[in-house]
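In what follows, a structure is listed as structure tokens, so that the remarks can point back to it.
FYI, side chains are in, hydrogens and waters are out, and symmetry mates aren't considered; it's all heavy atoms of this structure.
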Amino acid sequence: MNIESIRDYCLSLPATSEDMAFGDDYLLLRVCGRIFACLGLARPDYFVLKADADYAADLRDRYADIEPAWHWNKKYWIQLRVGGSLGDDFVRSLIRHSYAQVVKKLPRRVRLEYPAITEI
């Protein structure tokens with residue numbers, strides 16, 4: 001997957017928006033206002049996703065193209081190499097996992113307001 005297809009896939013998920021709150025070099029993808037992915041525009045060979053802490057540690061141990069995310073909480077955030085050895089389906093599953101991690105922490109009233117977000 002390239003950075004454009006990653007962005008397009010993220011934006012296809014329900015209640016997703018994008019902004020550049022960290023400046024022109026970073027595109028943030030959010031579900032109901034909460035970040036689930038960060039694409040580095042100045043360095044488009046990597047992007048950042050959220051993961052369950054145990055799963056993130058396992059991913060970093062098993063895949064050379066997954067590292068602790070620089071400048072993010074390394075317990076929960078992983079950095080993936082774009083165009084590396086990770087397959088497209090696997091990358092999409094990691095994006096959905098990140099999205100789901102953020103959704104499950106949203107207030108109940110928000111999850112009820114946007115029922116499609118819990119179906120991912």
Any link between [X] and [Y] through a network of hydrophobic side chains (Ile, Leu, Val, Met, Phe, Trp, Tyr) touching at under 4.5 Å?
X   : Y   : answer
Y46 : I3  : no
V48 : L41 : no
V82 : L11 : yes
Y55 : Y76 : no

Validation: residues 20-30 side-chain donor-acceptor distances under 3.5 Å, sequence neighbours left out:
| residue | atom | partner | partner atom | Å |
| --- | --- | --- | --- | --- |
| R30 | NE | D19 | OD2 | 2.4 |
| R30 | NH1 | G33 | O | 3.0 |

Not counting sequence neighbours, which residues clear side chain to side chain donor-acceptor pair (under 3.5 Å) with [X]? List them please.
X   : value
S12 : none
D54 : none
D8  : none
D88 : none

Worksheet item: With sequence neighbours excluded, what pairs up with E18 under the salt bridge (Lys or Arg N to Asp or Glu O under 4.0 Å) test?
Response: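 Once residues adjacent in sequence are excluded, the partners of E18 under the salt bridge (Lys or Arg N to Asp or Glu O under 4.0 Å) criterion are R7.
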Fill in: Contacts of type salt bridge (Lys or Arg N to Asp or Glu O under 4.0 Å), residue R109, not counting sequence neighbours
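In terms of salt bridge (Lys or Arg N to Asp or Glu O under 4.0 Å), with neighbours along the sequence ignored, R109 is linked to no residue.
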[Y] side chain reached by [X] side chain, heavy atoms, under 4.5 Å:
X    : Y    : result
V103 : T118 : yes
L39  : P44  : no
M1   : R92  : yes

Going by atom type alone, with no hydrogens or angles, which donor-acceptor pairs under 3.5 Å involve a side-chain atom of residues 62-69 and a protein atom two or more places apart or on another chain?
| residue | atom | partner | partner atom | Å |
| --- | --- | --- | --- | --- |
| R62 | NH1 | D58 | OD2 | 3.3 |
| D65 | OD1 | R81 | NE | 3.3 |
| D65 | OD2 | S85 | N | 2.5 |
| D65 | OD2 | S85 | OG | 2.8 |
| E67 | OE1 | Q79 | NE2 | 3.1 |

Qualifying residues under ring-ring contact (aromatic ring centres under 6.0 Å, His included), relative to [X], sequence neighbours excluded:
X    : value
Y114 : none
F47  : none
W72  : W77

Please find the pair of heavy atoms, one from [X] and one from [Y], that lie closest to each other, and give the distance.
X    : Y   : answer
I117 : C32 : CD1-SG, 4.1 Å
T16  : L13 : OG1-O, 2.9 Å
L80  : L86 : CD2-CD1, 3.8 Å

Hey, can you pull the donor-acceptor pairs under 3.5 Å for the side chains in residues 94-102, sequence neighbours left out?
| residue | atom | partner | partner atom | Å |
| --- | --- | --- | --- | --- |
| R96 | NH1 | Y9 | OH | 2.9 |
| H97 | NE2 | D52 | N | 3.1 |
| S98 | OG | F36 | O | 2.4 |
| S98 | OG | K50 | N | 2.9 |
| S98 | OG | K50 | O | 3.4 |
| Y99 | OH | P14 | O | 2.4 |

